[in-house]
Participant: 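This is the structure I have questions about; it appears just below.
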Amino acid sequence: MKVGVAGAGLIVPTFLRAAALVETMEVQALFARKDQVRADICENFNVPVGYDTYEKLLADPDLDVIYVALPNNLHFSFAREALEAGKHVILEKPFTVTYEEAARLAALAREKKRYLFEAITNLYNPNFAKIQELLPKLGDIKIVEMNYSQYSSRYDAFQQGIICPVFDPAKAGGALMDLNVYNIHLATELFGRPKSVHYYANMERQVDTSGILILEYPDFPCVCIAAKDCGAPCCINIQGNKGCIHSSSMPNELKEFSFIENKCQPKTYQLADSSERLFYELATFAALYERKDEAAFEKRLCHSLLVMEVLDQARRV
């Protein structure tokens, strides 16, 4: 497949390094408005064509897939235009700003018979597949805790009034959309739709710089913490009456975890052998694309819609 990239943010070089490792994925073009930025990325990553407008990128007949890596508030409009142009779409997290936007994109993708795939790292990591396999051995789940706290390199500037997209409420910035979304993906993939959602946020300049999200399930609470205004060791703890699963990795990377049955020694797993954290999501997309697995794409799309439901509820409370 031939891929075009929309955007030139920090995630784009990471994407390009990972895409280069996927045998069937070939990045052919990139759209970025700033001439020097576009030229530098194309030169550094051997991207053959650079476009100065999105319209030119979408008009390229050789492109099969568009990877949208722009500020959150632009995800909906850019993905919609790509779908309308007949392109498949890999859309960076968070999927959209609202559930309504996500539902409209999903309907359009189904109408156009195009694949719409959210780029979320942790669900395609081999460590996560192993966690899913081991989960029943924990017995009855009692407590789930996930913490993704990382003092942002942009927070000092934010406090001085210099607002970048990740802290801009007008661009759907904030800790929930930037970091806690990874926790939500993990929780809903493992446990499904929560019965209720409660979000307690620390607000500055009308944006959540940190917060605690509580997903209530019928038999246990799941506490999801994310912070950009303070730091702490990241962790994932899934506790059952027969044991627990623990990871000290950042939830977006999930580099390792331990499975600890009651009265047994921990068993540690490090199954992700790629140093490029986006590799597994792109390899999954490529494999599904090559075999035209519409059912699998639909399943992934439904999961993204569920995550957007949770985000919508959290942002309303």
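From a predicted model like this one, the values you see are computed outputs, not experimental measurements.
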Participant: Please give me the minimum heavy-atom distance between Met308 and Thr96, naming the atom from each residue.
Facilitator: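 Heavy-atom minimum between the residues: CE-O, 3.3 Å.
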Participant: In terms of the angle between their ring planes, are His185 and His303 parallel, tilted or perpendicular, with boundaries placed at 30° and 60°?
Facilitator: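 Tilted, since the angle between the ring planes falls between 30° and 60°.
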Participant: Are Ile236 and Ile143 grouped together when hydrophobic residues (ILVMFWY) are joined by side-chain heavy atoms under 4.5 angstrom apart?
Facilitator: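 Ile236 and Ile143: separate clusters.
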Participant: Less than 4.0 Å between a side-chain N and a carboxylate O, is that true for Lys228 and Asp178?
Facilitator: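 Salt bridge present between Asp178 and Lys228.
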Participant: Is any side-chain heavy atom of Phe78 less than 4.5 Å from a side-chain heavy atom of Ile66?
Facilitator: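 With C-beta onward as the side chain, the pair stays apart.
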Participant: What distance do Ser77 atom OG and Leu70 atom CG have between them, rounded to the nearest 0.5 Å?
Facilitator: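 If we round to the nearest 0.5 Å, Ser77:OG and Leu70:CG are 8.0 Å apart.
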Participant: What do you reckon, is CD of Glu100 surrounded by more than 12 foreign heavy atoms closer than 6.0 Å?
Facilitator: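 Check fails, neighbour count at 12 or below.
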Participant: Between Tyr199 and Asp208, is the side chain to side chain donor-acceptor pair (under 3.5 Å) condition met? List the steps.
Facilitator: CA-CA 10 Å; Tyr199 187 46; Asp208 60 315; 2.7 Å; yes
Participant: Would you mind reporting whether Tyr217 and Lys195 have side-chain heavy atoms less than 4.5 Å apart?
Facilitator: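 A side-chain contact is absent here, since even the closest heavy-atom pair is not under 4.5 Å.
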Participant: So how far is it from Ser304 OG to Leu91 CG, rounded to the nearest 0.5 Å?
Facilitator: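 Rounded to the nearest 0.5 Å, the OG-CG separation comes out at 8.5 Å.
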Participant: Should Asn180 and Tyr148 be marked as a side chain to side chain donor-acceptor pair (under 3.5 Å) after you check the CA-CA gap, both sets of side-chain angles, and the distance that decides it?
Facilitator: CA-CA 7 Å; Asn180 230 339; Tyr148 190 178; over 6 Å; no
Participant: Regarding Asp156 and Gln160, do their side chains bring together a donor and an acceptor under 3.5 Å, going by distance alone?
Facilitator: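 Judged by distance alone, the side chains do not pair up.
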Participant: Can you tell me how far apart SG (Cys222) and CD1 (Ile214) are? Round to the nearest 0.5 Å.
Facilitator: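 If we round to the nearest 0.5 Å, Cys222:SG and Ile214:CD1 are 10.0 Å apart.
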Participant: With side chains defined as the heavy atoms from C-beta onward, is the minimum distance between Phe76 and Leu105 less than 4.5 Å?
Facilitator: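 Side chain of Phe76 against side chain of Leu105, heavy atoms only: contact under 4.5 Å found.
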Participant: If the threshold is 4.0 Å, N to carboxylate O, is there a salt bridge linking Arg17 and Glu276?
Facilitator: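 Yes, Arg17 and Glu276 are salt-bridged.
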Participant: Identify the two heavy atoms, one from Leu254 and one from Ser247, that lie closest to each other, and give their separation to 0.1 Å.
Facilitator: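 It is CD1-OG, 4.0 Å.
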Participant: Find out if a path of hydrophobic residues (ILVMFWY) with successive side-chain heavy-atom gaps under 4.5 Å connects Val197 to Met203.
Facilitator: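 Val197 does not cluster with Met203.
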Participant: Can you list the steps and then say if Arg193 with Glu309 is a salt bridge (charged side-chain N to carboxylate O under 4.0 Å, His left out)?
Facilitator: CA-CA 9 Å; Arg193 177 180 280 103; Glu309 283 186 46; 2.9 Å; yes
Participant: Measure the shortest side-chain to side-chain distance between Val22 and Phe279 over non-hydrogen atoms and say whether it is less than 4.5 angstrom.
Facilitator: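 Yes, their side chains come closer than 4.5 Å.
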Participant: For the backbone of Pro48 and the side chain of Gln28, can you confirm whether one donor and one acceptor N or O come within less than 3.5 Å of each other?
Facilitator: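 No: the side chain of Gln28 does not pair with the backbone of Pro48.
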Participant: Does Asp168 use its side chain to pair, donor to acceptor, with the backbone of Gly173 at less than 3.5 Å?
Facilitator: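 No.
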Participant: For the pair Glu216 and His198, evaluate side chain to side chain contact (heavy atoms under 4.5 Å, CB included) and give the outcome as yes or no after the intermediate values.
Facilitator: CA-CA 8 Å; Glu216 290 191 11; His198 308 276; 3.5 Å; yes
Participant: Can a salt bridge be assigned to the pair Arg104 and Glu101 using a cut-off of 4.0 Å between side-chain N and carboxylate O?
Facilitator: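 Salt bridge absent between Arg104 and Glu101.
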Participant: As a quick check of understanding, evaluate side chain to side chain donor-acceptor pair (under 3.5 Å) for Thr121 and Glu281, giving each step before the final call.
Facilitator: CA-CA 6 Å; Thr121 52; Glu281 67 188 54; 4.8 Å; no
Participant: Measure the shortest side-chain to side-chain distance between Asp52 and Arg33 over non-hydrogen atoms and say whether it is less than 4.5 angstrom.
Facilitator: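 Heavy-atom side-chain distance check fails, nothing below 4.5 Å.
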Participant: Is there a continuous path of hydrophobic side-chain contacts, each under 4.5 Å between heavy atoms, that joins Ile238 to Ile260?
Facilitator: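 Shared cluster, no.
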Participant: Could you please spell out the steps behind the side chain to side chain contact (heavy atoms under 4.5 Å, CB included) verdict for Lys242 and Leu138?
Facilitator: CA-CA 5 Å; Lys242 294 183 179 179; Leu138 299 183; 5.6 Å; no
Participant: For Cys224 versus Leu215, what's the shortest heavy-atom pair and its separation?
Facilitator: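 Looking at all heavy atoms of both residues, the shortest contact is SG-CD1, 4.2 Å.
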Participant: Using only atom types and a distance under 3.5 Å, with no angle test, would you say the side chain of Ser249 pairs donor to acceptor with the backbone of Pro251?
Facilitator: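 Not a single qualifying donor-acceptor pair exists.
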Participant: Restricting to non-hydrogen atoms, name the atom on Arg205 and the atom on Gly161 that form the minimum distance, rounded to 0.1 Å.
Facilitator: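 Scanning both residues completely, I find the closest heavy atoms to be NH2-N, 3.7 Å.
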Participant: Backbone N or O of Tyr182 within a donor-acceptor pair of the Asn122 side chain at under 3.5 Å?
Facilitator: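 Judged by distance alone, yes, a pair lies under 3.5 Å.
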Participant: About how many Å separate CD1 of Ile212 and CD of Glu145, when rounded to the nearest 0.5 Å?
Facilitator: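 So the CD of Glu145 and the CD1 of Ile212 are separated by 10.0 Å.
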Participant: So, Asp229 versus Ser210: side-chain donor-acceptor pair below 3.5 Å or not?
Facilitator: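 Indeed, the side chains of Asp229 and Ser210 share at least one donor-acceptor pair under 3.5 Å.
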Participant: Fit a plane to each ring of Phe285 and Phe297, take the angle between them on a 0 to 90° scale, and name the class: parallel (under 30°), tilted (30 to 60°) or perpendicular (over 60°).
Facilitator: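 Ring orientation, 0 to 90° scale: perpendicular.
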Participant: Using the side chain to side chain contact (heavy atoms under 4.5 Å, CB included) rule, take Thr14 and Leu16 through it: C-alpha gap first, then chi angles, then the decisive distance, then the call.
Facilitator: CA-CA 5 Å; Thr14 305; Leu16 292 171; over 6 Å; no
Participant: Is the distance between the ring centroids of Tyr269 and Phe257 less than 6.0 Å?
Facilitator: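 Yes - the distance between ring centres of Tyr269 and Phe257 falls below the 6.0 Å cut-off.
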Participant: Hey, any chance Tyr115 and Val5 share a hydrophobic cluster, counting ILVMFWY side chains that come within less than 4.5 Å of each other, even indirectly?
Facilitator: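 Yes, same cluster.
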Participant: Between CG of Leu301 and CG of Leu116, what distance do you get to the nearest 0.5 Å?
Facilitator: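 Leu301 CG to Leu116 CG: 5.5 Å, rounded to 0.5 Å.
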Participant: Which pair of heavy atoms, one from Thr268 and one from Ser258, lies closest together, and at what distance?
Facilitator: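 Scanning both residues, the minimum pair turns out to be OG1-OG, 3.2 Å.
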Participant: Please check this pair: side chain of Arg315 against backbone of Val97, looking for a donor-acceptor N/O pair closer than 3.5 Å.
Facilitator: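 Checking the backbone N and O of Val97 against the side chain of Arg315, a donor-acceptor pair under 3.5 Å is found.
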Participant: Tell me whether the rings of Phe15 and Tyr67 are parallel (<30°), tilted (30 to 60°) or perpendicular (>60°).
Facilitator: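 Judged by the thresholds at 30° and 60°, the geometry between Phe15 and Tyr67 is parallel.
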Participant: Distance-only, no hydrogens or angles: does the Asp312 side chain make a donor-acceptor pair with backbone N or O of Tyr99 under 3.5 Å?
Facilitator: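 Such a contact is found between Asp312 side chain and Tyr99 backbone.
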Participant: Regarding Glu118 and Arg300, does a basic nitrogen lie under 4.0 Å from an acidic carboxylate oxygen?
Facilitator: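 No, Glu118 and Arg300 are not salt-bridged.
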Participant: Please assess Leu74 against Val68 for the test side chain to side chain contact (heavy atoms under 4.5 Å, CB included), listing each intermediate value before the final yes or no.
Facilitator: CA-CA 9 Å; Leu74 299 178; Val68 177; over 6 Å; no
Participant: Between Val144 and Leu311, is there a shared hydrophobic cluster once you connect ILVMFWY residues whose side-chain heavy atoms come closer than 4.5 Å?
Facilitator: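 Linked within one cluster.
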Participant: Mind listing the closest non-hydrogen atom pair of Arg114 and His88 along with its distance?
Facilitator: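 Closest approach of Arg114 to His88, heavy atoms only: NH1-NE2, 3.4 Å.
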Participant: Take atom CD in Glu294; do more than 12 heavy atoms of anything else shown fall under 6.0 Å from it?
Facilitator: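 Atom CD in Glu294 is not packed in, count stays at 12 or less.
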Participant: Taking side chain as C-beta onward, heavy atoms only, is Met146 less than 4.5 Å from Cys235?
Facilitator: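 No, side chains not in contact.
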Participant: Please work out which of the three classes, parallel, tilted or perpendicular, describes the rings of Phe158 and Phe167, given edges at 30° and 60°.
Facilitator: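 The arrangement is parallel - the two ring planes meet at less than 30°.
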Participant: Does any part of the side chain of Glu253, heavy atoms only, come nearer than 4.5 Å to the side chain of Asn125, both counted from C-beta?
Facilitator: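 They are not in side-chain contact.
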Participant: Would you please classify the geometry between the Tyr151 ring and the Tyr155 ring as parallel, tilted or perpendicular, with 30° and 60° separating the classes?
Facilitator: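 Perpendicular: the ring planes of Tyr155 and Tyr151 meet at over 60°.
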Participant: Are the side chain of Lys87 and the backbone N or O of Leu63 linked by a donor-acceptor pair below 3.5 Å?
Facilitator: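 Present.
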Participant: So do the side chains of His246 and Gln239 get within less than 4.5 Å of each other, counting heavy atoms only?
Facilitator: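 Answer no - side chains too far apart.
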Participant: Under a 3.5 Å distance rule, please check whether Asn183 uses its side chain to pair with a backbone N or O of Ile225 as donor and acceptor.
Facilitator: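 Side chain of Asn183 to backbone of Ile225, a donor-acceptor pair under 3.5 Å: yes, one is there.
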Participant: Does the ring centre of Phe191 sit less than 6.0 Å away from the ring centre of Phe220?
Facilitator: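 Yes - the distance between ring centres of Phe220 and Phe191 falls below the 6.0 Å cut-off.
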